[in-house]
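One structure is given here, and the rest of the page talks about it.
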Amino acid sequence: MLNRFKDKVHIRIKGITLQGELTIPLKAKSVIVFPQVNSPMPYKLNEIVADYLQQRNIGTLIVDLLTEEDKFFLGNRSDINLFTKRLDYVTKWLQEFPSGKGCHIGYFVSGSDINFALQSAADSDMVDAIVSIESRPDLTKNHIDNVNAPTLLIAGGLDKDVLHLNNRLFKKLYCVKKMETIIGAMNLSEEPETADKVAELTATWFEKKMSPIII
């Protein structure tokens, strides 16, 4: 007997199709969306964190918000409104998917992808928590004041530029929030040795901020 649902999914949005991989453990009461645009994750950090979450009975949806056509036009990668709309649609689709119905939803993002994740969270009440690593926010383009989802920011202790940006973002957020610094780390998305720590911090945040729903 299978103890989880796992499959490639094709999410159709007004003439385009987004590709993703959805995994939902049998006892999961929450699903974390990993929307990808500007975070290539050279050593597959998304997959490592997703696997760790699944072991803690948390579902995951890794989804590429870029279509094949989009990838030929680099300018599309900076269109925050476009990816906010796509992420909103993906979230609604997940809420209606049979294995996802009734589950809380969170976002795991990195780099500049924090921009559309925050805007999506500000625009609706569908998002229950956010974790972002190495956030590179454009503070002029987000409805930061309206974000209610508890938000965790994770950065490497040696990455002074990202720490500065994270501090600025942290001060502007009015939701439940926390900053975690991984001592001795520079680029979390490029350092495999930090993956376990990122995964642990991420899982703990989602469990605490989505409780008591998660089993």
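When all heavy atoms of Leu45 and Ser189 are compared, the closest pair comes out as CD2-CA, 4.3 Å. Taking both residues in full, the closest heavy atoms of Gly59 and Pro25 are given as CA-CD, 3.6 Å, listed atom of the first, atom of the second, then distance. The shortest non-hydrogen separation linking Thr17 to Thr67 is O-CG2, 4.1 Å. Across all non-hydrogen atoms, the minimal contact from Cys103 to Ala28 is SG-O, 3.9 Å. Nearest approach of Ser135 to Leu153, heavy atoms of both residues: OG-CD2, 3.6 Å. Across all non-hydrogen atoms, the minimal contact from Ala155 to Asn166 is CB-OD1, 4.0 Å.
Side-chain contact of Asn115 with Gln119: a donor-acceptor pair under 3.5 Å is absent, judged by distance alone. For Gln36 and Asp113, the side-chain atoms include no donor-acceptor pair closer than 3.5 Å.
Within the 4.5 Å cutoff, the side chain of Glu207 has heavy atoms near those of the Arg56 side chain. Proximity of Phe108 to Ile133: side-chain heavy atoms (C-beta onward) are separated by under 4.5 Å at one or more points. Under the 4.5 Å side-chain criterion, counting only non-hydrogen atoms from C-beta, Gln19 is not in contact with Leu66. The side-chain heavy atoms of Phe5 and Leu22, taken from C-beta on, include a pair separated by under 4.5 Å. Residues Asp159 and Asn187 meet the side-chain proximity criterion, which asks for heavy atoms closer than 4.5 Å. Asp64 places none of its side-chain heavy atoms less than 4.5 Å from the side chain of Leu18. In this structure, the side chains of Phe34 and Val49 come closer than 4.5 Å at one or more pairs of heavy atoms. In this structure, the side chains of Asn167 and His164 stay at 4.5 Å or more apart for every pair of heavy atoms.
When atom types are taken as modelled, the side chain of Arg86 and the backbone of Leu65 share a donor-acceptor pair closer than 3.5 angstrom. Although no hydrogens or angles enter the test, the distance criterion places a donor-acceptor pair under 3.5 Å between the side chain of Asp128 and the main chain of Ile105. Counting only distance, with no hydrogens or angles, the side chain of Thr204 and the backbone of Leu201 share no donor-acceptor pair below 3.5 Å. Counting only distance, with no hydrogens or angles, the side chain of Thr151 and the backbone of Ala149 share a donor-acceptor pair below 3.5 Å. Not one N or O on the side chain of Asp51 forms a donor-acceptor pair closer than 3.5 Å with the backbone of Glu47.
Counting heavy-atom neighbours within 6.0 Å of Lys177 NZ, excluding the residue itself, gives a total above 12. With a 6.0 Å radius and a threshold of 12 heavy atoms from other residues, nucleotides or ligands, Tyr174 has its OH atom at or below the threshold.
No continuous path of hydrophobic side-chain contacts links Ile154 to Leu165 [ILVMFWY only; heavy atoms under 4.5 Å]. Under the 4.5 Å side-chain heavy-atom criterion for grouping Ile, Leu, Val, Met, Phe, Trp and Tyr, Val109 is connected to Leu169 within one hydrophobic cluster. Side-chain heavy atoms closer than 4.5 Å link hydrophobic residues (I, L, V, M, F, W, Y) into clusters, and following such links, even through other members, never connects Ile11 to Met126. Ile62 and Tyr52 fall into different hydrophobic clusters, where Ile, Leu, Val, Met, Phe, Trp and Tyr are joined by side-chain heavy atoms under 4.5 Å apart, directly or via other members. Taken together through direct or relayed side-chain contacts under 4.5 Å among Ile, Leu, Val, Met, Phe, Trp and Tyr, Val162 and Leu152 form parts of separate hydrophobic clusters.
In this structure, Thr91 OG1 and Glu96 CD are separated by 11.0 Å, a value rounded to the nearest 0.5 Å. Here the CG-CD distance, from Asn57 to Gln55, works out to 10.0 Å after rounding to the nearest 0.5 Å. Rounded to the nearest 0.5 angstrom, Ile24 CD1 and Ser99 OG are separated by 5.0 Å. To the nearest 0.5 Å, the span separating NZ on Lys85 from CG on Asp79 amounts to 8.5 Å. Taking CD1 from Ile16 and NZ from Lys14, the interatomic distance works out to 10.0 Å, rounded to the nearest 0.5 Å. Atoms CD1 and OG, from Ile130 and Ser120 in turn, are 8.0 Å apart once rounded to the nearest 0.5 Å.
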Walk me through whether Arg136 and Glu134 qualify under salt bridge (charged side-chain N to carboxylate O under 4.0 Å, His left out). CA-CA 6 Å; Arg136 293 186 175 275; Glu134 300 178 323; over 6 Å; no

Worked check of ring pair (Phe, Tyr, Trp, His ring centres under 6.0 Å) between Phe116 and Tyr107: CA-CA 11 Å; Phe116 60 77; Tyr107 293 159; 8.4 Å; no

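The ring of Tyr89 has its center no closer than 6.0 angstrom to the ring center of Trp93.
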